[in-house]
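Inspection log for the structure reproduced underneath, given as structure tokens.
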Amino acid sequence: MESSYDNVELSVSEGVLLGHALVARVAAEQDIRAFFIKGPVSVLQGLRPPKTSGDVDVFVAPHDLATVVEALQWRGWRERPVDPDSKTFPKHSVTLDHAEWPCCIDVHYRFPGMESAASECFDVMWDNTERVVVAGQNIRVPTRPLAVLLLALHALRSPQLPACRDELDFLSGLVSQQTLALPVLDLSTTTGSLAATRPFLEKLLPDNKILDWPEASTEWGNRILAQEPGSARIIALVQARWQDKPTMLWRAVFPRAEVFLTGNIYADMSLRGRLVQHVARWVRFLRSVPRIARDLKHYRA
């Protein structure tokens, strides 16, 4: 007789919590430093209103990335395809999924907005972690000031979105109530995040705290301005060296297969399937032209 447990499936929330425990165990087996960000960790720390997360976000040092990814692949996880154009879309994490799990794992090795060397940033962040218990596993998470910095940087990538504005408002209230502004400022300074966090931090600092705010990097400026993929490609093309422009333009018009698989790993990659996806891609581009025009106007300004 078939057991009633044979066809039990994990819910997303269960998968995310157990995913934290799994990755923590894998990292410990490999003797790798790893800590978890965003998601249920932020809810536990009171830095986000309760909500269900759809993935596991873990941070490792850049030199440990390949080891962690390989260890997870050995357990059946597979790396999701990404757009190979790293000039237009600079990479900061690797996403893995599993046919039997309802969530993904995002392995971060750097964080957009942090301009110091990725390895140096990781060491600073690791020194600002603490332990909590999730799904019965003792895991490392950011201290509250570091968690605020990471959540703020994440929301500042798309400040025009209502959800991101709400998150920044929520964090601003917490920082003011709990006098976290100076600790967050210290971490922003040591990780090279001052330029990116200025819109968030400037109004929260004491009036007598006068800073010489640095200019944002080109990558961060592009990330904020280009809210549409088409905008990002056009801006990258404008900024590229002349010898790189023909190849970039060719790949923008005739993308590699990985580009289609980024949105759907089960996409039909037959000749007919790729043609259908190619047409759909152009339709999306044409529909986004008004928003692209807005982004380019801000870029020229």
Side-chain angles (χ1 to χ4, degrees), residues 10 12-48 52-80 82 90-98 100-154 183-184 187-188 190-193:
L10 291 174
V12 174
S13 58
E14 291 169 338
V16 169
L17 292 175
L18 291 173
H20 280 70
L22 168 69
V23 177
R25 180 65 61 87
V26 168
E29 289 174 354
Q30 301 293 325
D31 196 25
I32 284 174
R33 295 177 297 170
F35 65 94
F36 296 83
I37 63 174
K38 302 189 292 183
V41 167
S42 299
V43 175
L44 282 173
Q45 293 178 306
L47 300 176
R48 270 183 171 174
T52 299
S53 300
D55 52 21
V56 176
D57 289 286
V58 62
F59 219 119
V60 301
H63 61 266
D64 288 328
L65 175 67
T67 303
V68 171
V69 170
E70 288 173 7
L72 288 169
Q73 288 175 329
W74 187 81
R75 289 165 173 80
W77 293 83
R78 58 181 177 179
E79 188 173 341
R80 276 198 160 185
V82 295
K91 307 302 183 290
H92 61 273
S93 64
V94 173
T95 300
L96 302 107
D97 60 28
H98 193 297
E100 298 177 1
W101 283 71
C103 60
C104 295
I105 297 174
D106 286 334
V107 186
H108 298 256
Y109 56 94
R110 71 182 191 95
F111 209 82
M114 292 185 173
E115 307 295 352
S116 297
S119 57
E120 295 175 7
C121 286
F122 181 84
D123 288 338
V124 170
M125 289 188 285
W126 181 255
D127 289 339
N128 288 272
T129 59
E130 58 191 18
R131 292 187 179 276
V132 300
V133 176
V134 172
Q137 188 76 26
N138 202 315
I139 68 171
R140 287 266 186 180
V141 301
T143 59
R144 292 174 72 81
L146 177 57
V148 168
L149 173 60
L150 293 170
L151 290 174
L153 284 172
H154 186 263
V184 174
L187 286 169
S188 298
T190 53
T191 58
S193 309

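Keep in mind the model is a prediction, meaning the values are calculated, not measured. Any value given below was found using the heavy atoms of this structure, including those in side chains, with hydrogens, waters and symmetry copies removed.
Separation of atoms NZ (Lys38) and CG (Leu47) is listed at 14.0 Å; rounding is to 0.5 Å. Here CG of Asp106 is found 3.5 Å from OG1 of Thr95. Values are rounded to the nearest 0.5 Å. Annotation: the span from Arg110 atom CZ to Thr191 atom OG1 amounts to 13.0 Å, rounded to 0.5 Å. Rounding to the nearest 0.5 Å gives a distance of 4.5 Å between OG of Ser193 and CE of Met114. To the nearest 0.5 angstrom, Ser42 atom OG is 5.0 Å from Arg48 atom CZ. Rounding to the nearest 0.5 Å places CZ of Phe59 at 12.5 Å from CH2 of Trp126.
At a threshold of 4.5 Å between non-hydrogen side-chain atoms, the residues Arg78 and Asp97 count as touching. Proximity of Gln73 to Glu79: side-chain heavy atoms (C-beta onward) are separated by under 4.5 Å at one or more points. Between Phe36 and Val132, the closest side-chain pair of non-hydrogen atoms is not below 4.5 Å. A heavy-atom distance below 4.5 Å is not found between the side chains of Thr129 and Thr143.
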inquiry  = Quick one, Leu44 with Val134, criterion side chain to side chain contact (heavy atoms under 4.5 Å, CB included). Give me CA distance, side-chain angles, the key distance, then yes/no.
reply    = CA-CA 10 Å; Leu44 282 173; Val134 172; 3.9 Å; yes

task = Could you go through the side chain to side chain contact (heavy atoms under 4.5 Å, CB included) check for Arg140 and Glu130 one step at a time?
result = CA-CA 6 Å; Arg140 287 266 186 180; Glu130 58 191 18; 5.9 Å; no

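Residues His20 and Pro40 come closest through the heavy atom pair CE1-CG, 3.6 Å.
Taking the six-membered ring wherever Trp is involved, the centroid distance between the rings of Phe35 and Phe122 falls below 6.0 Å.
With Met125 as the fixed residue, the side-chain contact (heavy atoms from CB on, under 4.5 Å) test singles out one of Leu187, Ile37, Leu150, Leu149: Leu150. Checked against Thr67 for a side-chain contact (heavy atoms from CB on, under 4.5 Å), the options Val26, Ile32, Leu72, Val60 give a single hit: Ile32.
Comment: Asp123 engages Arg33 in a salt bridge, judged by a side-chain N to carboxylate O separation of less than 4.0 angstrom.
Enclosure of atom CG in Asp127 by more than 12 non-hydrogen atoms of other residues, nucleotides or ligands within 6.0 angstrom is indicated.
Between the side chains of Gln137 and Arg25, at least one donor N or O sits under 3.5 Å from an acceptor N or O.
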